[in-house]
Amino acid sequence: MSNTVLTVSNIDVFYGSSQALFGLSLEVNAGETVALLGRNGAGKSTTMKAIAGVLRIRSGTVQLQQQPITNLPPHRIARAGIAFTPEDRQIFPDLSVEDNLTIATKLGIQNKHVWTLERVYEMLPLLVPLKNRLGGQLSGGEQQMLTIGRSLMGNPEIMLLDEPSEGLAPIMVQKIGELIESLKNLGTTIVLAEQNLHFCLGLADKAVVIDRGRAVFSGSLNELNANADIKQRYLSV
Ligand SMILES: Nc1ncnc2c1ncn2[C@@H]1O[C@H](COP(=O)(O)OP(=O)(O)O)[C@@H](O)[C@H]1O
Ligand SMILES: [Mg+2]
């Protein structure tokens, strides 16, 4: 039995006539954190949006636990177990923190109900005193925490986190890092888009480096960290 959760094979994605991804492939096993690294404009968000069904895949396939999900509508892909938290953190600004969480409740596949409101608050204690605050009144870091909490409430098989640390103060970046580490220790399967290799150290097991829509490195994070050439050519380190 394979424990592969997500398999992206050779996908091509276009914006109009402009090709953004060229035969991109990615494999994520259960419990792994895979970093999608690359400079601004490399294709990280495009990859996540294509997996989540927000962008159309022209050729190639995506499988979730061996089941084809290529180009299914986003709500069906979410229901199948993929939680996508986009860069722009889609929370409801006019709903309270607690309502934002409750409204995202979804049983996992096979009715697994691992994440409850109580457990999400335990994982994200920072949200507890903010329960009744409106989503729109949160700081960027608090919104990011809420977005991750919303994903958890959906009891996903895999989480796609698009640059969760982007634009946050260093203390919040650290908290997000600790949160991802805790999720990883619980066995959560995660794809993490990042520009910053440093943020992924100690968090990610594997890395795929994207440059101009192509995977230019695929391997363990340690291997990447030891590869000065790839780092210098494709990452801002
Ligand atoms: N809505 C869009 N329309 C046209 N081109 C886009 C759009 N969004 C992204 N692109 C282009 O696709 C490429 C990859 O972008 P993106 O996936 O957002 O990169 P990253 O997330 O790695 O910063 C870039 O060249 C970007 O300009
Ligand atoms: Mg992006």
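Just so you know, these numbers come straight off a predicted model, no measurement behind them.
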How close do [X] and [Y] get, heavy atom to heavy atom, and via which atoms?
X	Y	result
Ala20	Thr46	CB-CG2, 4.0 Å
Gly43	Thr47	O-OG1, 2.7 Å
Pro164	Ala193	CD-O, 3.9 Å
Leu37	Cys200	CD2-SG, 4.1 Å
Asn155	Trp115	OD1-N, 2.6 Å
Leu55	Asn71	O-OD1, 4.1 Å

Linking I/L/V/M/F/W/Y whenever their side-chain heavy atoms sit closer than 4.5 Å, directly or via other members, would Ile148 and Val173 fall into one cluster? yes

Considering only heavy atoms from C-beta outward, does the side chain of [X] approach that of [Y] to under 4.5 Å?
X	Y	answer
Thr188	Met159	yes
Lys231	Asn225	yes
Met153	Arg150	no
Gln19	Asp12	yes
Gln144	Ile176	yes
Leu134	Leu95	no
Gln90	Pro86	yes
Val97	Asn100	no

When rounded to the nearest 0.5 angstrom, what is the spacing between [atom1] in [X] and [atom2] in [Y]?
X	Y	atom1	atom2	answer
Met145	Ile91	CE	CD1	13.0 Å
Leu138	Thr147	CG	OG1	9.0 Å
Glu194	Leu201	CD	CG	10.5 Å
Asp94	Asp99	CG	CG	11.5 Å
Leu117	Leu152	CG	CG	11.5 Å
Asp162	Leu36	CG	CG	8.5 Å

Are the side chain of [X] and the backbone of [Y] linked by a donor-acceptor contact shorter than 3.5 Å?
X	Y	answer
Thr70	Val62	yes
Glu166	Glu163	no
Thr7	Glu27	no
Asp211	Tyr234	no

Just wondering, more than 12 heavy atoms not from Arg76 lying within 6.0 Å of its CZ?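 No, because the 6.0 Å sphere around CZ of Arg76 holds 12 heavy atoms or fewer from other groups.
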
If the threshold is 4.0 Å, N to carboxylate O, is there a salt bridge linking Asp205 and Lys184?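 Answer for the salt bridge query: yes.
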
Tell me, with the steps shown, if Glu178 and Gln174 meet side chain to side chain donor-acceptor pair (under 3.5 Å). CA-CA 6 Å; Glu178 288 165 3; Gln174 193 191 327; 3.1 Å; yes

Identify whether NZ of Lys or CZ of Arg in Lys131 sits under 6.0 Å from the centre of the six-membered ring of Tyr121 and within 45° of that ring's axis.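 Cation-pi check for Lys131 and Tyr121: passes.
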
